[in-house]
Structure formats: structure tokens, C-alpha cells
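Right, one structure below, let's go through it.
A note on names: the letters A, B, ... follow the listed sequences, proteins ahead of strands, and every chain is numbered from 1. Nothing here was measured: the structure is a model prediction, and the numbers come from that model.
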There are 2 protein chains.
Amino acid sequence: MSRSRTTDSKPIPSVWAREQRRADQPALSRDAIVREAIAMLDADGVEALSMRKLGARLNAGATSLYRHVATKDELMELAVDEVTAEVHVPPADRPDWREAVTEAAQSFRRTALRHPWLTLVLGQAGLAYLGPNYMNFSERLAALFTAAGFPEPSRAIETVFSYVMGMSSAEAAWLTTVARSGETEADLIARLMPAAQRAAADHSHLAIPHAEVEEATTDPAALRDMKFAYGLDVVLDGLALRLPKG
Amino acid sequence: MSRSRTTDSKPIPSVWAREQRRADQPALSRDAIVREAIAMLDADGVEALSMRKLGARLNAGATSLYRHVATKDELMELAVDEVTAEVHVPPADRPDWREAVTEAAQSFRRTALRHPWLTLVLGQAGLAYLGPNYMNFSERLAALFTAAGFPEPSRAIETVFSYVMGMSSAEAAWLTTVARSGETEADLIARLMPAAQRAAADHSHLAIPHAEVEEATTDPAALRDMKFAYGLDVVLDGLALRLPKG
DNA sequence: TCCGCCATGCGTACAGTGTGCGCATCGAAC
DNA sequence: GTTCGATGCGCACACTGTACGCATGGCGGA
């Protein structure tokens, strides 16, 4: 039942037989393309996005997309920048810089878990991501750390951001695995646990505490939240020592 | 002049005309395949490795590789595990845990920069990397942090490792960009600087200090070393606060 | 009202990708 | 000498990103 907008799959020789362009169907546009690409990435992961499938979703041919986007890589850049807008960085006038930075870090993490392809794509691009939203994100972070009184804010930012990226990308990868398995996170953990225990048997220091096994199989999301918060606190403690006069 | 081992590109109907297998040519083996794959990854990056090209490098057909390796993903896992063996984690009996952890972190970073595809591939795999070398790496880290006296060593490890991964993957991506540009790192920075300055013009907090511009264009590698060491110290300071009685 | 232009869409094509299948070959075990 | 299992490989399939050139339709100017 799904047919191309103007022609059937076999071209019809007569002009008259061809469908009219549907007026209600919005024209292809860069924004629409990026939006749909993000939807596909979110739903099925980075390797499920192809220009043909994306075109089909928009009732368009694959190569039509290239009128609005130079290359698939550029499309990915646009998707990254678009999604970056979802990260909320508090304004710089907050009294408590730790709270503000924590909020920003958590917001980034949530965004990265909502779009598990984000860290993967970000990690592939050395820089090049100078899109407006990403610039804004950086600027707001810089303002925050400057207001906090750090003499070299970019150093502090890099440290926190590296931690957040490392942690988020590991989580995102794990959640992708979970999604692909079709099971609950808890179920998957329970199923994998015996193998992990067996693998750890030969390595005396790798035993997992009982309490953690318990929580991992009951409320894994909470455990992940806690781990992230723990590491973030560590980093912020270390940074606090570098603030002038105490 | 490059021809397949046993046949020409057009099959020759007579058995007699076919080349004999070269006796000195070592047989295909899993190890040889992984070794050559790593060489290709190091030289030309992750998207330059295809089963056909890899086969050609080994004087073999693409599908011959599948006798020794189930799938390309599995090959990547093997490559990751192989390379992980290069990371040096000091034994747990060192008197100064900070020095030992720093050594391990630096060693990981150096490995990740020698093989700039490492973090990329590692970041794609939720877990699944339970290869022997990787297990050994984890075990030695666990021993180190346990000996240091951390009550929950895995928490501390995760924190440090996230930072190291985040930092290393950003650096690796940047170095990949540099390599692709064909320029020196310093030259590339000098060329990109005006654009960066212009982009930062609208964002008051993003200005780059003169001293840093100076160093970035003269000895960028040293600057990167310094940044990594700075953040690592931050994290270790934060962790030190969590050691019992002190 | 007509003409011409130009942005947009798309069919086709090309060079590549990972990998399943079945056949040819070879060394070793009996 | 025969059989058998392991190994290599040609072919084929479905799929990828994207260059090219044609068709179309809406719009500005005459």
C-alpha cells in the first residue's frame, strides 16, 4: 500500500496516470529530515539509519535528501547539534556552583541516554561540531565555571566533561545492548550474571558484592544513577580543591 | 601483478595450469588475521578496514577469513582484546597508590593514542568484551585499588576509567582528524585558529588565553599531556578524600 | 498571458560492503 | 588407497553512500 509520492514502482509511461504531488504532504526540508533521522536513530540505533530508509519514511527518494544535506556525515552533525539543544545548563548566577554543574552534568547524561547514539557520534568527531547549539552549550558551561571562580575554567570543564562523556557512553552502549536483547534490563542482568560470576572466578579481585548483585537485579536504573552521582561528586571534590582560597 | 594464490582472476579450466600453494606463505590463522587487521586499523582508521582488503593483504580471499573468525564484529573484539594487552598496570604492592594508578592511566592513554580506533570500538560495546587480556586488565586494576584501601574499589575504578576513556577518546578523535588532514598538528591548529576565534567572538566566555594559543601552536602534544595529567590529578584528589581515615 | 529560469525531486548507476552457500582441494588417519 | 574433515575461494545477494542528469512545477519578468 505504501507507494512513492509521484510514481509507482514501475514507471508509468503516461503523464496522466501519474499521481499529483499531495498538497498536504509537507515539502522536504532540512529540519524535517533531521527530525526524522533523529527519530530513526533513537528507535533503532546508528546502524539502522540509511539514506534510503530515511527517504522512504519521508515519502521521498534517497537521493532527494541530498538537495538539503551535503552528505550523511553532515546529517549526523546536524542531528548531534539538534539534540544538544536538549541539554540544560543553568545560568551562571546560581549561588551554588556545585549544584549548577551537577544539574548540567545530569542533564547531559539524560540526553545521552535518551539518544544513545549521541556519544558514539560525538566521539567520532575530533572537533568539527561547531554547530550553534553546541557552541551555546560550551558558552554556558564556560560562564558557569568562570562565575564559580576557576582561574582556568576550560581545564575544569574538560575534566568534568571527560568524566561525563566516559560514563554516559558506557551507559548508552549498555542500554543499546539491553534494547537489542528485547529483555528488561534486570532480566538481562540476571541472565548474564552466572557467566560473569564464572568469568570472575579466576580473578580473585573481581568478585561483585552481594548487595550490588541484589540491587542490579531489582532496580538497575537506580544503581546506575548512583554510580554516576558518585563519580561526579569525586570529580567535583577534586575541582573544589582548586578554587582560590579554599 | 597481484594475483590470487591458487587461481587467476578468470578461472582456468585446466587443473594443471593452476598455481601451487606457496609453501613459504604461512597459512591463514586467527592470530595472523587479527595482527594484520590491527595494522590496517592503525594505518588507515576504522572505516578503511574491510574484509576484502584484509583478505587481499593476506593473499587470501575475503570469505576465507570466515573460517577463522565468525564475523567482522568478532574480529573487532579480538583486535580490542589483543591491543588491551599493551596496557601496563603496575602490580598491587607499590607503596604509592597514586603513582601506580597514574602509571596505569597514562599507559592506557598511550595505548589508545597508538591505536586511535580503540576507544571508538570499546565505546560501541556495552560489555561483551570479556576477552582474556581485558579481564586481566580489570583484575589488575581491581587489585591496585583494593590494595590502596578503597572500600568499594569498583566505584573508584569506574570513576577514573570514565575520565580516562572520555579524555582519550576525544584525543584519539582529534589525532585522527590531524592524520587525515596530512598536516602537522601544530600547522592544523594554526590554520583552524582564525575560524575558532571568529566563532568564539559571539561567545564572550569562550576566549582562549594567549599563553595557551602560544603553546598549542608550538608544542601541542605537551599541552595535551598536561591537560590529561591535570584532570587525572583532579580525579585522584577527589578519590583520596574517600580513603578511610584520611 | 506567456516565457524562461531555477530549485526541487527522483531513477539509474557505480563501486563498494558483510556474509551465506557450495564446490575444490589438501593433509592425515585408517 | 580410501575416506574424511578442515580449509580456501568464487559466486551471489542484499544493501550501502552518493554522482549524474532528466523531469517537473512554481515563480519572476515581459
Inset, instruction - Grab the CG-C1' distance between A:L65 and C:dG11 for me, whole Å please. - result: 14 Å
Inset, instruction - Report yes or no: does B:T184 contribute a side-chain atom to a donor-acceptor pair with the main-chain N or O of B:A186 at less than 3.5 Å? - result: no
Inset, instruction - Mind checking A:L49 for me? I need base, sugar-phosphate or nothing, with any heavy atom below 4.0 Å counting as a touch. - result: sugar-phosphate
Legend entry - Phosphate contact (D:dT16 OP1 or OP2) by A:S50 side-chain N/O below 4.0 Å: yes
Inset, instruction - Answer yes or no: side-chain N or O of A:R52 and base N or O of D:dG17 forming a donor-acceptor pair under 3.5 Å. - result: yes
Inset, instruction - In whole angstrom, give the distance that lies between atom CG of B:D73 and atom C1' of C:dT19. - result: 12 Å
Legend entry - Backbone of A:E103 reached by a side-chain donor or acceptor of A:S107 within 3.5 Å: no
Legend entry - Matching residue for A:L28 among A:V69, A:N59, A:I33 - test: side-chain contact (heavy atoms from CB on, under 4.5 Å): A:I33
Legend entry - Length of the CD-C1' vector between A:E47 and D:dG17, whole Å: 16 Å
Inset, instruction - Rounded to the nearest angstrom, tell me the gap between atom CG in B:N59 and atom C1' in D:dC9. - result: 14 Å
Inset, instruction - Quickly work out the A:Y66 OH to D:dG21 P distance and round it to whole Å. - result: 18 Å
Inset, instruction - Look at B:H68 and D:dG8 and indicate whether a side-chain polar atom (N or O) is within less than 4.0 Å of OP1 or OP2. - result: yes
Inset, instruction - Spell out, as yes or no, whether a donor-acceptor pair under 3.5 Å connects the side chain of B:T218 to the backbone of B:E215. - result: yes
Legend entry - For atom CG of B:L28 and atom P of D:dG8, their distance in whole Å: 5 Å
Legend entry - A:S29 side-chain N/O to A:A32 backbone N/O, donor-acceptor pair under 3.5 Å: yes
Inset, instruction - Among C:dT17, C:dG18, C:dG9, find the nucleotide with the atom closest to the side chain of A:R67. - result: C:dG9
Legend entry - Rounded distance (Å) that lies between atom P of D:dG17 and atom CD of A:E74: 15 Å
Legend entry - Spacing of A:R30 atom CZ relative to C:dA7 atom C1', expressed in whole Å: 15 Å
Inset, instruction - Check whether any side-chain nitrogen or oxygen of A:K53 sits under 4.0 Å from OP1 or OP2 of D:dC15, and answer yes or no. - result: no
Inset, instruction - May I ask you to verify whether the side chain of B:T63 and the base of D:dG8 hold a donor-acceptor pair under 3.5 Å? - result: no
